[in-house]
Amino acid sequence: MEQVAVTFTDGSARRYPRGTTLAAIAAETDRRDILAARVDGVPRDLAAPLERDAAVEWLTFGDPGGKEIYWHSTAHLLAQAVRELFPDAKLAIGPPIEDGFYYDFDIGRPFTPEDLEAIEARMRELAKRNEPIERIAVRRNEAIRAFQSGGEKYKAELLEGIPDDPVSFYRQDGFQDMCRGPHLPSTGWIKAVKLLSTSGAYWRGDEHREMLQRIYGISFPTREELDAYLARLEEAKRRDHRKLGRELHLFASVEEVGQGLPLWLPRGATVRRVLERYIIDLEEGLGYYHVHTPDLANTQLYKISGHWDHYRENMYPPMKVDNEELVLRPMNCPHHIMIYKNQQHSYRDLPVRIAELGNMYRYERSGVLSGLARVRGMTLNDAHIFCRPDQLTDEFMSVVRGFREYWYRVSLRDPADRAKFVQNDAMWDLAEQKLREAMTALGLRFVEAKGEASFYGPKLDVQVPNVMGKDETISTVQIDFYLPERFGLEYIGEDSQPHRPVMIHRGVISTLERMMAFLIELYAGAFPLWLAPEQVRVLPIADRHLAYARRVQEALRGAGVRAGVDASSERTGHKIREAQLMKVPYMLVVGNREEEQETVAVRSRGGGDEGAVPLAALTDRLVTEIASRR
RNA sequence: GCCGGCGUAGCUCAGCGGUAGAGCAGCUCAUUCGUAAUGAGCAGGUCAUCGGUUCAAAUCCGAUCGCCGGCUCCA
């Protein structure tokens, strides 16, 4: 019989009769966790026969590719359970996602929490039966007929986008679903399932189409892994900046002020101020001019810039006063452009870098608001670099070099979306080319995202996951040939003739709101010393030590340290607990011994009791640690 | 904006048709204490808002507002 040569990832190689299944080969190993394989890089079911020489890579739940298959099969199991409990349910799509899977259904009404429990219970029963999952080929016209008679309009629409004939289906226990696969060998592989939430989701992500009911879930090969995952979710909730913001008195949102308009409480405002000073110092050192411009502007400004045509749905409606029509600004660029225009520029002066912690107001739809991470009034760490075309790449690169790692998204326009993006193909092509060039020169990997650009140009977005795993854009850099054109910007070149500069828009630490949300979650509220709103709290043992405690506080304040005193009549243990819960980095216990010797007993947030040190020595230590910004 | 869930004291929550409760926080008093909660007392609520059902509504129904999870959108 004809043989095929198979090589494995460990470098070994063997020959098998043609047509041997992957399952048979996997059975020769002593591993029971192989759930599928990649054959020459293509994921395949274990039931697939080998027809030619191939490189085989086994997949288990431990591999990202294996998880995908595992969760995809769980999504099918979910669909099967829903179909059994709701025979009229129409199926849409059910892919694996980063953590688990979802499946979209149309059952004519939303799922209730009770439905979810029933579905989850049915999934467990079905998994227990351990039915084999089989791939079957179905003639295209048969599939179309089946979808029509079953009223499966979503599946029918999906099929229109698939050119194959026949198309592949997967069948388990009488249930079948059109699917590319691959899948687990049988349903019994799914040991621990949890359905996490339901929500509405637009068919094909289009808000003008049907709203389907989505069920999110996750599954694992063992109960322990599921429990560990659920525990991680709980831990993430503890780090949630909204919860910590309330507990640590950093910020508050009140109905009377308005949605998406948070109040920075004294503690939060202190952290913000430290960040602001840091940023301004840093940027002035990098050659940026920090300016200040007003939050309101004449509508005219935004008509010139193009915001009026392309960004109006994010702007608050104009207000009429005297003969003027004013709007709250959604972006700062036009103001900075007017600053550039306020005087003539020689080619020798460029680049001109104009920066501002600029307040902006954007109308965000109510459902998207979230703590400090997504608000309606915000302050952007904004800057606009006006440069010559030959300086563009260097300027862009030096901005990006300032970023931390994380992942980069190059956001491009969708040429078909004429409403959202200004029309000028040559300009877009040039800007996109420059951006890709610079990223390649920097050696940075990035993904491209069509339709995510600004209306005036493509941008580089730095994406950072928050504690709940959702990506937020932190930094952004945009290349803009459009606004200089709109505003008729010029510089005088070597040839004494006017030339058009190019603009780079950049926000490095995002808005102060989003950065604060990010930092709270990053540190779980325990800010490093330089950022901590209350860096030190002095804890007198008894009331008679209060005067000395105040002296310690004044000495520290004099050295620029933010120090508080706990003047309550509680016991020391209680005071420590309070300070610890507020995540104060240093607690200084002072009693008779300390007062007599001009010392303080240091207790650090992380390290516990560190013993007594002279006050002057501690002050020096704190000042040094603060300056280190760690 | 759309789909669903949830709104009870400053915070965390119980009560789920018979007239509002706990713990923590706050205030007062006592205690003056050495490294994560001293004790006692007091005060605090139009049960988000408005309307309906009922002899009776925090509790059931509806609308509105807000928050939460998604969708869409985004710094």
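All values below were derived from every heavy atom in this structure, side-chain atoms included, with hydrogens, water molecules and symmetry-related copies excluded.
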| Contact class for A:Glu594 (heavy atom, under 4.0 Å): base, sugar-phosphate, or nothing? |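 Result for A:Glu594 = base.
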| said: Measure CD1/A:Ile541 against P/B:rC33 and give the value in whole Å, please. | reply: 9 Å
Searching all strands shown, indicate the nucleotide that pairs with [N] (Watson-Crick or G-U wobble; both distances under 3.5 Å).
N: B:rG69; result: B:rC3
N: B:rG45; result: none
N: B:rC60; result: B:rG52

Of the listed nucleotides ([options]), which one gets closest to any side-chain atom of [X]?
X: A:Thr476; options: B:rG1, B:rG69, B:rA75; result: B:rA75
X: A:Val589; options: B:rC65, B:rU35, B:rC2; result: B:rU35
X: A:Arg374; options: B:rC74, B:rC65, B:rG69; result: B:rC74
X: A:Pro110; options: B:rA25, B:rU35, B:rC3; result: B:rC3
X: A:Val368; options: B:rC67, B:rU72, B:rU35; result: B:rU72
X: A:Arg571; options: B:rG1, B:rC2, B:rC33; result: B:rC33

| Beyond-backbone contact of A:Met123 with A:Leu195, side-chain heavy atoms, under 4.5 angstrom |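 A:Met123 reaches A:Leu195 side chain to side chain.
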| Ion pair A:Arg605/A:Glu534, N-O distance below 4.0 Å |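 The answer is no: the pair does not qualify as a salt bridge.
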| message | Is there a side-chain contact between A:Gln213 and the phosphate of B:rG4, meaning an N or O under 4.0 Å from OP1 or OP2? | response |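 Indeed not, no polar side-chain atom of A:Gln213 lies that close.
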| message | What I want to check is whether an N or O donor and acceptor connect the side chain of A:Arg362 with the base of B:rC73 at under 3.5 Å. | response |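 Check fails, no donor-acceptor contact within cut-off.
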| task | With RNA chain B as reference, determine whether A:Ser197 or A:Pro113 sits nearer its 5' end, using the nearest nucleotide of each. | result | A:Pro113
| Which sits closer to the 5' end of RNA chain B, A:Glu472 or A:Asp609, going by the nucleotide each is nearest to? | A:Asp609
| What do you reckon, are the aromatic ring centroids of A:His208 and A:Tyr202 less than 6.0 Å apart? | no
| task | Mind running ring pair (Phe, Tyr, Trp, His ring centres under 6.0 Å) on A:Phe86 and A:Phe111 for me, showing each step along the way? | result | CA-CA 11 Å; A:Phe86 304 86; A:Phe111 289 106; 5.6 Å; yes
